[in-house]
Engineer: 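Input: one structure, supplied below.
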Amino acid sequence: SKVLHPDDREYVLNQMREIDQKEDPFEIDYRMISRIGKVVWMHDHITSVKDDEGNHLFWQGIALNITPQKQAEEKLQKQIEHLTALRSIERVIASNFDLKFNLSEILTHTTIELGVDAADILLLNTTSQMLEFAAGLGFRTPAVRTASVRLGESCAGRVALNRELVQIPNLNTKPDNYHLSKLMTDEKFYCYYGIPLIAMGEVKGVLEVFHRSPLEPDNEWFNFLDALGRQAALAIENVALFESLQRSNSELSLAYDATIQGWSHALDLRDKETEGHTQRVTELTLRLAKSFGLREDEIVQVRWGALLHDIGKMGVPDEILFKPGPLTEDEWVLMRKHPVFAFEMLSP
């Protein structure tokens with residue numbers, strides 16, 4: 001029983017105790033520890049040989065080394081889990097623009113799927129050229145939250161500057177700057193891996209993973225780490241684009257509003273007789289709109305309409321608009337066309 005894997009020992013021994021009662025051949029998969037310390041998967045086909053009276057004499061069977069098959073199954077299962085995790089992250093990124101929530105979701109999958117103790121994401125401040133803490137998971141102390149790493153310095157700084165993976169399997173052999181040394185002291189981390197977060201050709205930050213005991217990552221592990229980095233960069237870029245679009249929309253609305261007010265003011269300056277009339281009409285109209293219970297977006301439209309309600313007078317000739325005496329019938333016809341002029345001016 002000493003050669004049995006610790007996690008399988010009780011299971012195998014229980015099955016062997018019950019085999020005496022089994023009439024049919026019995027099959028079992030379990031792990032063993034080889035002489036050189038490697039884990040080996042075995043498949044046993046066992047039969048209990050009994051005497052004429054049905055008493056157990058000995059076990060008879062065939063043991064096969066199925067390690068390659070088990071490794072292939074585990075690799076396939078791990079790939080399925082990775083794809084499922086990436087799909088889950090994609091749905092989160094596509095459904096909201098909360099960067100903190102998105103990064104938290106990515107870090108959750110990072111620690112679970114990669115089997116690491118902690119992970120964080122540092123974002124690059126392009127103004128100060130500093131990497132600043134944005135999100136973290138699995139840390140025992142708040143030390144990581146004060147992270148502020150200059151581009152090119154420390155592990156994270158080199159990851160961002162050189163745009164490449166930095167891996168330190170044993171942190172004790174690589175003394176680094178204050179930030180990482182403090183994490184080693186406070187968190188007892190043993191190994192470190194960091195990758196750049198790149199979107200649209202620009203470095204957005206760094207994804208770091210830490211573990212408190214030795215790791216032996218394979219190509220599949222590194223490929224998934226790289227995929228997580230691409231997802232994190234995409235989440236950061238999506239939020240940045242959304243915020244930029246919001247700012248542009250706000251600036252456009254302000255410019256639009258300023259243009260309309262400018263036209264209204266120009267009309268007041270042109271028609272001295274009715275100076276201030278537009279503003280008074282607008283204020284009264286807004287009071288009416290609010291009393292009617294119109295929505296805020298509807299009130300914005302009403303305000304613009306009130307500001308421009310007389311804009312058609314811009315199309316009335318000066319000699320009619322500023323005529324000191326009464327207007328003739330023909331002149332009144334032209335004056336009363338100012339709503340038509342307004343429609344023709346504004347409808348495009």
Side-chain angles (χ1 to χ4, degrees), residues 88-105 123 125-127 132 134-135 234-348:
S88 175
I89 293 172
E90 285 177 1
R91 286 197 295 268
V92 170
I93 294 174
S95 62
N96 78 90
F97 294 97
D98 185 337
L99 182 59
K100 187 175 181 179
F101 178 80
N102 289 349
L103 296 184
S104 176
E105 184 75 8
L123 296 184
N125 184 324
T126 55
T127 302
E132 301 169 350
L234 178 62
I236 295 167
E237 180 66 14
N238 277 0
V239 172
L241 289 173
F242 178 70
E243 291 176 349
S244 176
L245 183 62
Q246 282 187 314
R247 284 194 299 271
S248 297
N249 188 52
S250 296
E251 291 168 359
L252 184 61
S253 294
L254 289 172
Y256 189 70
D257 192 79
T259 299
I260 290 175
Q261 290 196 66
W263 289 349
S264 173
H265 185 57
L267 179 63
D268 279 352
L269 289 176
R270 181 168 182 256
D271 188 358
K272 297 293 184 180
E273 293 287 327
T274 59
E275 187 173 356
H277 165 74
T278 300
Q279 196 59 45
R280 291 191 296 274
V281 168
T282 301
E283 291 173 359
L284 179 61
T285 304
L286 291 179
R287 283 162 54 193
L288 285 169
K290 290 175 181 177
S291 70
F292 291 158
L294 296 184
R295 300 192 312 271
E296 192 62 36
D297 59 322
E298 294 175 318
I299 289 177
V300 171
Q301 302 287 337
V302 168
R303 177 174 176 274
W304 287 341
L307 285 170
L308 297 175
H309 80 279
D310 264 346
I311 196 67
K313 286 185 178 180
M314 299 290 281
V316 178
D318 288 353
E319 58 268 23
I320 296 177
L321 189 65
F322 303 137
K323 185 176 180 181
L327 300 181
T328 66
E329 194 61 36
D330 290 340
E331 289 171 337
W332 269 117
V333 170
L334 195 57
M335 176 66 82
R336 290 178 180 128
K337 288 185 67 178
H338 79 264
V340 177
F341 296 152
F343 177 80
E344 291 173 349
M345 291 172 62
L346 300 177
S347 60

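In what follows, residues are counted from 1 in the order of the sequence shown. Any value given below was found using the heavy atoms of this structure, including those in side chains, with hydrogens, waters and symmetry copies removed.
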Engineer: Could you tell me whether a side-chain N or O of S253 sits under 3.5 Å from a main-chain N or O of N249, the two making a donor and an acceptor?
Structural biologist: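 Side chain of S253 to backbone of N249, a donor-acceptor pair under 3.5 Å: yes, one is there.
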Engineer: Any non-hydrogen side-chain atom of F341 less than 4.5 Å from a side-chain atom of L334?
Structural biologist: yes
Engineer: Counting C-beta onward and ignoring hydrogens, is there a side-chain heavy-atom pair between N238 and N102 closer than 4.5 Å?
Structural biologist: no
Engineer: Check V281 against T285 and note the closest heavy-atom contact, atom names and distance.
Structural biologist: O-OG1, 2.6 Å
Engineer: Going from CD1 on I93 to CD on E237, what distance comes out if it is rounded to the nearest 0.5 angstrom?
Structural biologist: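 So the CD1 of I93 and the CD of E237 are separated by 12.0 Å.
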Engineer: Can you check whether H309 reaches H277 side chain to side chain, under 4.5 Å on heavy atoms?
Structural biologist: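 Yes - at least one pair of side-chain heavy atoms lies under 4.5 Å apart.
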Engineer: For the CG atom of L327 and the CZ atom of R336, what is their distance to the nearest 0.5 Å?
Structural biologist: 9.0 Å
Engineer: If I compare all heavy atoms of S88 with all of E105, which pair ends up nearest, and what's the gap?
Structural biologist: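 Closest approach of S88 to E105, heavy atoms only: OG-OE2, 3.8 Å.
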Engineer: So does T278 get a backbone contact from the side chain of T282, meaning a donor-acceptor N/O pair under 3.5 Å?
Structural biologist: yes
Engineer: Distance alone, cut at 3.5 Å: any donor-acceptor contact between the side chains of Q261 and D257?
Structural biologist: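 There is such a pair (donor and acceptor under 3.5 Å, judged by atom type) between the side chains of Q261 and D257.
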Engineer: Within this structure, what is the CE-NZ distance for the pair M335 and K337, rounded to the nearest 0.5 Å?
Structural biologist: 13.0 Å
Engineer: As an exercise, state the distance from CD of E243 to CD of Q246, rounded to the nearest 0.5 Å.
Structural biologist: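 Taking CD in E243 and CD in Q246, the distance rounds to 7.0 Å.
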Engineer: Can you confirm whether L307 sits close enough to Q279 that some side-chain heavy atom of one is under 4.5 Å from a side-chain heavy atom of the other?
Structural biologist: yes
Engineer: Any side-chain to backbone donor/acceptor pair from S244 onto L241? Under 3.5 Å, distance only.
Structural biologist: no
Engineer: Give me the ring orientation class for Y256 and W304: parallel if the planes are under 30° apart, tilted from 30 to 60°, perpendicular past 60°.
Structural biologist: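 Taking W304 first and then Y256, their aromatic rings stand perpendicular (interplane angle over 60°).
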Engineer: Flag yes if more than 12 heavy atoms outside E319 fall under 6.0 Å of its CD atom; otherwise flag no.
Structural biologist: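 Counting neighbours around CD of E319, more than 12 heavy atoms of other residues, nucleotides or ligands fall under 6.0 Å, so yes.
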Engineer: Can you name the closest pair of heavy atoms from L346 and I311 and give their distance?
Structural biologist: CD1-CG2, 3.9 Å
Engineer: Do the non-hydrogen side-chain atoms of F97 and L245 ever get within less than 4.5 Å of each other?
Structural biologist: no
Engineer: Check K313 against H338 and note the closest heavy-atom contact, atom names and distance.
Structural biologist: N-CB, 3.8 Å
Engineer: Measuring only between side-chain heavy atoms, which start at C-beta, is T328 closer than 4.5 Å to K323?
Structural biologist: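 T328 reaches K323 side chain to side chain.
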